[in-house]
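Step one of this worksheet: look at the structure below.
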Amino acid sequence: MIEQLNAQQRSAVTLSPQHALVLAGAGSGKTRVLTTRMAWLIQTGQASPFSLLAVTFTNKAAREMLARLSAQLPINTRGMWIGTFHGLCNRLLRAHYRDANLPQSFQILDTGDQLSLMKRVLKGGGVDDEKFPPKEVLRFVNGAKERGERPDAVEAWDAHERHLVELYRLYQAQCERDGVVDFAELLLRAFELLQRNGPVREHYQRRFRHILVDEFQDTNALQYRWLKLLAAGGASIFAVGDDDQSIYAFRGADVGNMAEFQREYARDTVIRLEQNYRSQGHILDSANALIAHNSARLGKNLWTDQGEGEPVRVSEQPSDLLEAQWVVDEIRALGDGGGAYREIAVLYRSNAQSRVLEHALFSARIPYKVYGGLRFFERQEVKHALAYLRLIENPDDDTSWLRVVNFPTRGIGARTLEQLSDLAGQRGCSLSRAVPYVAGKGGGSLARFAALIAEMRGEAQILPLPELVDHVLVHSGLLAYYRNERDGSDRVENLRELVNAAQVFVADENFEGLPAGRVLASDSPVAAGEPPPGVAAVPEGAANDLGWRGLSPLAAFLSYAALEAGENQARLGQDAVQMMTVHAAKGLEFDSVFITGVEDGLFPHENSLLEPAGLEEERRLMYVAITRARRRLYLTLAQSRMLHGQTRYAIRSRFLDEIPPEHLKWLTPREGRVLSDVDVTLGARPRRDAYGRPPTGAIAPMVPRTSANGVLVGDQRFRIGQGVRHRKFGEGTIIALSGNGSDAQARIQFRSAGAKTLALGVAKLEIIAG
DNA sequence: GTGTCGTCCTTTTTT
DNA sequence: AGGACGACAC
């Protein structure tokens, strides 16, 4: 088990129980170390499987950990506390729902549910959604929760913030009434449960002796506090992460947690995994050189014994269309050379870039697969079906109620719902409980809907889950609705897939044959597990499905659907080029990788240039992108691209200049960032025109003249790369130009004032160089 | 209740 | 440019 590890890996795996920080570079065997550490602790008798807690960020990572662990040890991993932060907190809250002051069958809101609930709250409170856009209020609420702050604890400095706090309060009250929790609430509630409830806290502190954390650099403030609290009883924290791969600051992740953890816990126990088993020399050295430009790193230098390999290829094309065409031609060549398409990844900084690339691949009939986008449980039709199922479980879930009360249509209009909503408001009850008080015709339709849900609830006591799902699809009218809908066949297919998913779930979780809505007696095998809090002994070895303890198959399935939104890719197996954002590529690897749009303003993204921390995160993002490649890496850029319906001109990314030239092989002219028209027509690969067609006799300039000759405003001619002086902002360099004539704009990187976009017709600029 | 038109936005995203 | 969503009209 540990013989095959290198020295650093082995020292991490076999460390005596104590706090430790493992700095695991890209491709250094991070997951392997984590799972082998668990297996080693168990096998050497230092820990029982039930005294371990391993936490990850994604379900995929958790599944992989489980799979590898059970491959290494002949133990039943079922019931072990291995999961995502959210999944484990869900477990905790399910097991102690009373102490956490939650209804037993609380539902979990996904982002979409959360938004519609917020909209409802804002509407109900008569809030001006110009001043308080629902999305922004949600950002505020989620931000506060991720810092562990309830409305009372939030510091509000001005009237606007005080108002936001008030909306936070209102939103939270609505969640409580509905018996629902959002994702951030899962964590905060679980944290508060442990913090406030001594017996529960002590129970888990005693139970978990070893806490293992994956991707530690992605933890936010609350997650870190949660870990510290759980470990406060003497458990050891084994934290694995890579500060150079921290790319989620924008959603609350705090790399600072790593340095803080080192200071507070692992001052003397930092282990670096620096041997990279993935990429060849030039690729790895490029990544190292790039990331060295970041400050405040914990520090580490990856090396490989796999040899130099090939240099990183760079291609600069006049337009995004030609960039895409170039990528396609190269992919075709790789394919002809015997490479599998699935071993080729095309990466981009932003999703908007994918269209041009997709189009080019599609025209060339190269199979490709785009990652990202809607996932299974987020599809409209699936969410509708789930809403019915949630109402069976929890009639007070107003979000679900509103979602399907009139879908498929059953003559319940806005008028009736307004009436219902008013009544519910007056009585302080949920919509469904207000139904009996609605008079007139609307009352009748509402009563019929209520009866439909009641009937489904009855079936849930008899039918096993898959049959119940099927029953709901039929009796809600959803199936019929989508059958009649033209273009509805995909949706019908997805609904059938939902029945199938229920089937699989029930089998996997040993719920087979049980009525969907019934909670098992606590002594049955499936329900066995946690002792009541405060009881010293932790049962070991027994079946231990405490994840779903006390839950009906239906409630468990709904939790699962909320926490695991499903794959966000379609059919696997087909040999296709893999397309995704750089973020989505984290954790993956490919033989050949194309990083596209390597331009200033796009990568690094212009929004990140304002603060240094933003630029450093972009650099880490590029580091992640580069380290995805095993054998061959391409960096491609375009001098012009369509963005927001306007052609934009850009220069090559500063990151390109941070990679030593000896690792790069320019396939297009290195100097002269803007190709002249002559270069364009006689360029390295003049195989296509700007629209992807093979060139015909007369070749039109592919790039508007402005690219080569700059933008003319009055008597001044501006070019990319030019040095300019502004009265207020000082000296800077033009990094991008757009538009023409009177509405021409320039993006200028000022030396001290940061990057600004200025209208050339308005701003008085002095040309100082270039 | 459904369809059409206009308006808005557009970095990255998991749970 | 292009997609999504909301308001308005039939």
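Quick caveat: nothing in here was measured; it's all calculated off a predicted structure. A, B, ... follow the sequence lines: proteins, then strands. Residue 1 opens every chain.
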Margin query: Between C1' on B:dT11 and CG on A:Asp600, what's the gap in Å once rounded to a whole number?
Written below: 15 Å
Margin query: Quick check on salt bridge (charged side-chain N to carboxylate O under 4.0 Å, His left out): which of A:Arg641, A:Arg349, A:Arg652 does A:Glu599 satisfy it with?
Written below: A:Arg641
Notebook entry, point to check: In chain order, what residues pass the ring-ring contact (aromatic ring centres under 6.0 Å, His included) check against A:Tyr248, with sequence neighbours excluded?
Noted result: A:Phe250, A:His583
Checklist line | Whole angstrom value for the distance that separates P of B:dT14 from NZ of A:Lys60 | finding: 11 Å
Next item on the list: Give the ring-plane orientation class for A:Tyr482 versus A:Phe407, where under 30° counts as parallel, over 60° as perpendicular and anything between as tilted.
Entry: tilted
Notebook entry, point to check: In whole angstrom, what separates A:Gln646's CD from B:dC9's C1'?
Noted result: 15 Å
Note to self: Base, sugar-phosphate or nothing for A:Leu347? Non-hydrogen atoms, less than 4.0 Å.
What the structure shows: nothing
Margin query: Can you tell me whether the side chain of A:Ser350 and the base of B:dT10 have a donor-acceptor pair closer than 3.5 Å?
Written below: no
Item checked: A:Asp244 with A:Arg619: basic N within carboxylate O range, under 4.0 Å -> no
Item checked: OP1 or OP2 of B:dT13 under 4.0 Å from side-chain N/O of A:Thr581 -> yes
Margin query: What is the distance, to the nearest angstrom, from the NE2 atom on A:His605 to the P atom on B:dT10?
Written below: 10 Å
Notebook entry, point to check: How far, in whole Å, is B:dT12 from C:dC5 if one measures between their P atoms?
Noted result: 16 Å
Margin query: What's A:Lys119 touching, base or sugar-phosphate or nothing? Going by heavy atoms closer than 4.0 Å.
Written below: sugar-phosphate
Margin query: Regarding A:Asp218, tell me which of base, sugar-phosphate or nothing describes its non-hydrogen contacts under 4.0 Å with the strands shown.
Written below: nothing
Check: In whole angstroms, how far is the P atom of C:dG3 from the CG atom of A:Leu374?
Finding: 15 Å
Margin query: Just to be sure I understand the rule, does A:Tyr248 reach a base, reach only the sugar-phosphate, or reach nothing, if contact means heavy atoms closer than 4.0 Å?
Written below: sugar-phosphate
Margin query: Looking only at the side chain of A:Arg355 (C-beta and beyond, no hydrogens), which of the listed nucleotides B:dT15, C:dG2, B:dT11 gets closest?
Written below: C:dG2
Next item on the list: Please work out if A:Phe250 contacts a base, only the sugar-phosphate, or nothing of the nucleic acid, heavy-atom cut-off 4.0 Å.
Entry: base
Next item on the list: Please find out if less than 6.0 Å separates the ring center of A:Phe85 from that of A:Phe57.
Entry: yes
Note to self: If you assign each of A:Ile412 and A:Ala584 to its closest nucleotide in DNA chain B, which residue comes earlier from the 5' end?
What the structure shows: A:Ile412
Check: Could you give the OH-to-C1' distance, from A:Tyr623 to B:dT12, as a whole number of Å?
Finding: 19 Å
Next item on the list: Check whether any side-chain nitrogen or oxygen of A:Asn59 sits under 4.0 Å from OP1 or OP2 of B:dT15, and answer yes or no.
Entry: yes
Next item on the list: Please state how far atom CD in A:Glu136 lies from atom P in B:dC8, giving the value in whole angstrom units.
Entry: 16 Å
Checklist line | Nearest to side-chain heavy atoms of A:Asn406, which nucleotide of B:dT15, B:dG1, B:dT12 | finding: B:dG1
Item checked: Proximity to the side chain of A:His644 - top-ranked nucleotide from B:dT15, C:dA1, B:dG1 -> C:dA1
Notebook entry, point to check: If you measure from the Lys or Arg side-chain nitrogens to the Asp or Glu carboxylate oxygens, is any gap between A:Glu149 and A:Arg147 under 4.0 Å?
Noted result: yes
Note to self: Tell me if the centroids of the rings in A:Tyr204 and A:Trp81 come within less than 6.0 Å of each other.
What the structure shows: yes
Notebook entry, point to check: Which nucleotide in the list B:dT12, B:dT11, B:dT14 gets nearest to the side chain of A:Asn351?
Noted result: B:dT12
Margin query: Counting only side-chain nitrogens and oxygens, does A:Arg251 get under 4.0 Å of the OP1 or OP2 atom of B:dT15?
Written below: no
Notebook entry, point to check: If you look at every strand shown and take non-hydrogen atoms under 4.0 Å, does A:Thr111 touch a base, only sugar-phosphate, or nothing?
Noted result: base
Margin query: So if I take every side-chain heavy atom of A:Phe183 and compare against B:dT11, B:dT15, C:dG6, which nucleotide ends up nearest?
Written below: B:dT15
Item checked: Interatomic distance, A:Arg139 CZ vs B:dT15 P [rounded to whole Å] -> 21 Å
Margin query: Tell me whether the side-chain N/O atoms of A:Arg375 come closer than 4.0 Å to OP1 or OP2 in B:dT15.
Written below: yes
Next item on the list: On DNA chain B, check which nucleotide each of A:Glu617 and A:Tyr481 is closest to and give me the residue with the more 5' one.
Entry: A:Tyr481
Check: A:Asp110 near the nucleic acid: base, sugar-phosphate alone, or nothing, with a heavy-atom cut-off under 4.0 Å?
Finding: nothing
